[in-house]
Amino acid sequence: MIAHCRRSLIGCSVAALAFLVHPLMGQATADTTQLGARVVTATRVTGVDTPIPMATTVIEGDDLRARGITFVADALREVPGMMLVQTGSYGSPLSIFLRGGESDDVKVLLDGVPLNVPGGSINLANLTTDNLDRIEIVRGPASVLYGADAVTGVIQLFTRRGGAKTRADFSGEAGTFGTNDLSGHLDGGNGRWSYSATGSRFNSNGTYAFNSGYRNSVGTGSVGYDGGATGKFSVVGKYGDALDHFPTGSDGSATDHNQFTTETSLDVGLDASRAIGRVELSVHGFASRLNSGFQNMQDTPADTNGFGYDANSTGITWRRGGDARLDWHTGIRSLLSVGAGEEYESDNEQSRDVSNFGFGTEVDTASSDANRITRNVYTQFLAAPTPAISLQLGGRLDDNSAFGTYGTWRVGASWRLASYTRVWGAEGTAIKSPTFSQLFANTAFEVGNPGLTPEHSTNSELGVEQRLRGNHTTLRATFFYQKFKDLIQYVSAAPGDPTYVNLGGTRSRGLELSLISVPSRRLSIAAHWTFLSTTVTDTGVSSSAEVEEGQPLVRRPASSGGATAEYHLGPAMVSVTGSWIGPRYDVDFNSFPEARVTLPSYFTADLGVDAPIRRATSRTMGFDLTLRGENLFNAVYQQALGFPGRGRTLLVGGRLSY
C-alpha cells in the first residue's frame, strides 16, 4: 500500500477511504445523532468556532426558494464585491467579476467538486438553487486551500441532506417570456443513514423575438452515513443538461436563426472522515465531466458568406482527483491541518468552420487532445492564543506536469477589541493556471505555448466588524488591495510560433460595506455597497481600447450596491430587493478603430411573495402560493454593450410540501 501511495496520491486516497468506510459499515447503531457542524469554506475544517480573518458570506437555500430565486447568479448579485454580466437572455454566457478580477478568477465548487474548466472559466448561467442548502462565498485569495484559479475568491454550493424525518415538496411556476419552472425534492433518513434527491426543469422562450429558447434540466442526489465518533461518509452527484438557442453575434445584434449551444455535465463527490483521539482523517474524491457543444448551420441556402457561416464544435473536459487531510487538535484552541492531493485534467476539442470572404469556400478543421496532472501538499494552522485573538496561517505547493511547481501562502489575524467590535487583517497570494488552449492549441490562428507560467496575484485586506448594542444590527467594512501580474495575452506571431505569452498586469482596490439588521421578529434587512478602483498597470503588447495602460478595466463599476428587506406576516413572507449598478466602461467593437464607451447606471427592483395557504401536517400536504417579480419598473439597461437586460418578468406558482 505504501508503495502504491508513493506512485499515486489518488490511489492513496482510495486506500484511506477503504480504511474509513469498513469500520463504519460494521458499527451502525440505532442511536440518533445530531448533524455535524457545517463545513466552513474559509478553512475546510468543521467545528471551528473562532472568528476567521477572511471576508465571507453565507446565503441560505431555503431563503432563496422562498423568495422565488431560481438561479445562483441572481443570489450572488447581492454579495459585496460581486459584478455579474450576462450577454443575452436566459442561458447565455454569464461571467462573474469579483473584486475587479477577471471572469476566470473565482473557483466554484459543488460539495467540494470543482465546476470550473481547467484555467478557471465557468458559465454560471445554468446553476440553479433547487437543491441548495446554502451558498458559502469567500472573498479574497484561497489558492492555499483550493489550488489554482481561486484567485479572487471561492463560491461553494452545498446541497441539501436528509434528516430523520421524510420531507417532500413539489413546486411549479409560469409567467413572462413563456417561462415555466418545475422542481421536486425528497429527503429523509433513519438516524444514521440519510438521502436526498431533487429534479428540476426550467424552460423559457427567451427575450428575443426568434431563436431564443432555453431549456435546463438538473438532477442531484446524495446518500450519507453518520456514525458519530466512528466516522461518517457521503456521496453526492449532480447531472445537468442545458440547451441555449441565441440569435446574437459578438456585437449583440440578433441575426442568426438557428445557432445554439449545449452543455451536459456530470459531477460526483465523495467525502469520508474518522476521528482517532485528537486527530481526524478526512478523504475527499471527485470526478467532473463537462460535454459542451456549439452548432451554427446555414440559416438559408443563400447563407454562404462570412466567417463560420456553417460551424460546429464539441469539447469534453474531465477533472478527477482527491486528497487526504489530517486535522490535529494540537492543544486548547489550536488546530494543525496537513493535506496532500492529486488531480488529473483532460480536454478533447473538435471544431469545423466553413467560411467565405468572397474568394471561395474555405473549410478549417481543428482538434486537440491534451491532459495534465497536478500534485499538491498544503498545511494550515488555526489558533486562538487568547479568547480575543485568532490566527490563520497556511502554505501550499502545487506541481503541475505542464507548467511546473509554484507555491502560495496566506496569513491572517483577528482581534476582538470589545464585546461588539472585531478587526482583522490578512495577506496572501494566489495563482491561475493557463488553459489547455493557451498551452496546447495548434491551429492556423492559435498556437499554444508550453513555456507559459501561471498568472499570479497578491492580496492585502483589512476588515472591521461592529455589532450594535442589542445585537440586532451588524456592520462590516473590508478594504482590499490586490495586484495581478504575468497575465496571459494573445499576440500576433509567425506561422507555427506560440500566440500566447505572459505579459501585462493590473491592480484593483476597493471597499466593501455590508449591513445586516433584524429590528424585529417580523423584519430583517440586508444591505451592501462596493467602491471599486481598477487600473491597467502594464498592457504588454495588447494595448487597445479594452486594455489601455492607466485606465480602468471594462465592465467593473466604480460603485454598486443594493438592499433586501424581508417582512414576515404570520407564516407569509414578502421580500423586496433593490440593486443599483453604477456607470462602467465597455468597448464598441463595431466602430473603427474600436472605442471605449460608458454604459449608464441602472436600478432594478425585485419582489418575492411566499404565502402559505395550508400548512403541512403528518396527514395532509401543505400548499404555498408563490409570486416572483423581477425588474418591476421595467428598467432599460445593458450589462454588456449591445445586450439588453431582461425586462419586467412576473412568475406565479405554488408549492406542495409534506
Side-chain angles (χ1 to χ4, degrees), residues 57-79 82 84 86 90 124 127-135 137 157 160 169-177 179-185 198 200 202 204 216 514-528 561-581 602-616 622-635 637 645-657:
T57 302
V58 178
I59 304 173
E60 298 294 337
D62 285 342
D63 184 56
L64 295 176
R65 287 183 290 274
R67 293 169 54 195
I69 296 178
T70 298
F71 292 99
V72 169
D74 292 325
L76 297 177
R77 298 183 195 279
E78 302 175 17
V79 176
M82 293 278 190
L84 288 98
Q86 189 164 27
Y90 291 111
L124 294 171
L127 296 179
T128 58
T129 65
D130 47 85
N131 194 33
L132 290 187
D133 174 68
R134 67 194 187 281
I135 307 173
I137 301 104
L157 314 176
R160 289 190 274 183
D169 61 68
F170 177 82
S171 63
E173 57 185 10
T176 314
F177 307 122
T179 300
N180 60 80
D181 185 14
L182 301 174
S183 69
H185 173 79
T198 302
S200 67
F202 181 94
S204 179
N216 185 23
S514 67
L515 174 148
I516 298 176
S517 181
V518 187
S520 70
R521 291 187 301 173
R522 293 179 180 269
L523 178 64
S524 63
I525 301 170
H528 67 97
T564 296
E566 295 184 4
Y567 185 77
H568 294 262
L569 184 60
M573 190 272 284
V574 178
S575 67
V576 178
T577 300
S579 299
W580 187 84
I581 304 297
Y602 64 91
F603 174 82
T604 59
D606 301 335
L607 171 71
V609 177
D610 189 311
I613 305 301
R614 184 177 64 189
R615 290 191 175 186
F623 176 73
D624 290 29
L625 180 66
T626 61
L627 170 67
R628 172 72 176 171
E630 299 176 351
N631 192 9
L632 293 175
F633 302 122
N634 204 29
Y637 66 95
R646 284 200 304 271
R648 183 186 295 114
T649 305
L650 298 175
L651 301 171
V652 180
R655 180 174 58 252
L656 291 169
S657 58

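The shown structure was predicted, so the numbers you read here are calculated from the model rather than taken from an experiment.
Judged as a salt bridge (Lys or Arg N to Asp or Glu O under 4.0 Å), and not counting sequence neighbours, the contacts of D606 are R628. For Y637, the ring pair (Phe, Tyr, Trp, His ring centres under 6.0 Å) partners are Y602, not counting sequence neighbours. Residues satisfying the side chain to side chain contact (heavy atoms under 4.5 Å, CB included) criterion with N180, sequence neighbours excluded, are A174, N203.
Two residues are said to be in side-chain contact when any heavy atoms from C-beta on lie closer than 4.5 Å; R65 and D169 fail this criterion. Side-chain contact between I59 and L64: present, with at least one pair of heavy atoms (C-beta onward) separated by less than 4.5 Å. Inter-residue side-chain proximity for T70 and F202 is flagged as met; some heavy-atom pair is nearer than 4.5 Å. Within the 4.5 Å cutoff, no side-chain heavy atoms of D181 are placed close to those of L651. In this structure, N631 and R646 have side chains that are not in contact, with every pair of non-hydrogen atoms separated by 4.5 Å or more. Residues H528 and V79 fail the side-chain proximity criterion, which asks for heavy atoms closer than 4.5 Å.
With values rounded to the nearest 0.5 angstrom, E630 atom CD is found 9.0 Å from L650 atom CG. For the atom pair CZ (R522) and NE2 (H568), the distance works out to 10.5 Å, reported to the nearest 0.5 Å. Atom CD1 in I516 sits 11.5 Å away from atom CD1 in I525 (nearest 0.5 Å). For the atom pair H185 NE2 and F170 CZ, the distance stands at 14.0 Å (nearest 0.5 Å). The distance from atom OG of S575 to atom CD1 of I69, rounded to the nearest 0.5 Å, is 7.0 Å.
A side-chain N or O of R67 and one of T577 form a donor-acceptor pair less than 3.5 Å apart.
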Item to complete: Kindly indicate, with the supporting measurements, whether the criterion side-chain contact (heavy atoms from CB on, under 4.5 Å) is fulfilled by L569 and V574.
Response: CA-CA 8 Å; L569 184 60; V574 178; over 6 Å; no
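Across all their heavy atoms, G172 and L182 have their closest contact at CA-CD2, 3.7 Å. Between T128 and N216, the shortest heavy-atom contact is CG2-ND2, 3.6 Å. The minimum heavy-atom distance between D130 and S183, with the atom names listed, is CB-CB, 4.2 Å. In terms of heavy-atom proximity, F623 sits nearest to G654 at CE1-CA, 3.9 Å. Residue L625 comes nearest to G653 through the heavy atom pair CD1-O, 3.4 Å, listed as atom of the first residue, atom of the second, then distance. Nearest heavy-atom pair, D63 versus M573, reported as atom, atom and distance to 0.1 Å: OD1-CE, 4.5 Å.
Using a distance-only test at 3.5 Å, with no hydrogens or angles considered, a donor-acceptor pair links the side chain of T649 to the main chain of G647. Between the T129 side chain and the V72 main chain, no donor and acceptor come within less than 3.5 Å of each other.
In this structure, F603 and F633 have parallel ring planes: the angle between them is below the 30° cut-off, well short of the 60° mark.
We find that D610 and R655 are joined by a salt bridge, their nearest charged nitrogen and carboxylate oxygen being less than 4.0 Å apart.
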